[in-house]
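Following: one structure in structure tokens, then a few remarks.
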Amino acid sequence: MQEGLSPNHLKKAKLMFFYTRYPSSNMLKTYFSDVKFNRCITSQLIKWFSNFREFYYIQMEKYARQAINDGVTSTEELSITRDCELYRALNMHYNKANDFEISSELTVMTLTKRFQARETPR
DNA sequence: ATAGGCCCTG
DNA sequence: CAGGGCCTAT
């Protein structure tokens, strides 16, 4: 049981972001079972995910604007691969040490799905 | 009154 | 990422 959040906890949280963008405080308490929770720790973790989302959406929007400038008119025309800028930016930020192995199929599907969800929210 | 979100800053 | 303001829902 540690007092505060360590750099490893941050790394862990970033990897967790691949799975949930809005973890509940109970999920966090379960996932970070080695942390002694209190009001500050909880809100700090919640804040981390808020920051993760902001970075994530900034990258998505940058990618979307670039796609529009490139003449893309539908999501079907988008290709999100391991070597595209969006993938590299997200992987660099959330999976710097490549702790998480991502199959190309899973990557394309996950990112495309999220992209479409973001572009057509309602 | 507290928690959790978003936005904007530094 | 952390801080702080502001808003909503509980």
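So you know, we letter chains A, B, ... as the sequences are listed, proteins then strands, and number each from 1.
Heavy-atom minimum distance, A/A13 versus A/W48: CB-CE3, 3.8 Å. Scanning both residues, A/G4 and A/I41, for their nearest heavy atoms gives CA-CD1, 4.0 Å. Of all heavy-atom pairs between A/L5 and A/Q44, the closest is CD1-OE1, 3.4 Å.
For the pair A/T20 (side chain) and A/F17 (backbone), a donor-acceptor distance under 3.5 Å is absent. Side-chain N or O atoms of A/D70 include none that pairs as donor or acceptor with a backbone N or O of A/V72 at under 3.5 Å.
Within 4.0 Å of A/F52, counting heavy atoms only, lie sugar-phosphate atoms of the nucleic acid but no base atom. Within the nucleic acid shown, A/Y22 comes within 4.0 Å of sugar-phosphate atoms alone, with no base atom in reach, counting heavy atoms only. Here A/S43 lies out of heavy-atom contact (under 4.0 Å) with every strand. Residue A/Q44 is classed as a sugar-phosphate contact, given heavy-atom separations below 4.0 Å to backbone atoms only.
Residues from residues 31-41 of chain A with heavy atoms under 4.0 angstrom of DNA chain B, sorted by number: A/R39.
Looking at heavy atoms from C-beta onward, A/E54 lies in side-chain contact with A/S50 at the 4.5 angstrom threshold. At a threshold of 4.5 Å between non-hydrogen side-chain atoms, the residues A/H9 and A/L45 do not count as touching. Side chains of A/L28 and A/F49 form a contact here, defined as non-hydrogen atoms less than 4.5 Å apart. The shortest side-chain heavy-atom distance between A/Y22 and A/R53 falls under the 4.5 Å cut-off.
Nucleotides of DNA chain C lying under 4.0 Å from heavy atoms of chain A occupy a range whose first and last members, 5' to 3', are C/dC1 to C/dG4. If you walk DNA chain B from 5' to 3' and mark each nucleotide with an atom closer than 4.0 Å to a heavy atom of chain A, the marks span B/dA3 to B/dC8.
For the pair A/R21 and A/Y57, the cation does not sit on the ring face, since its NZ or CZ is not both under 6.0 Å from the ring centre and inside 45° of the axis.
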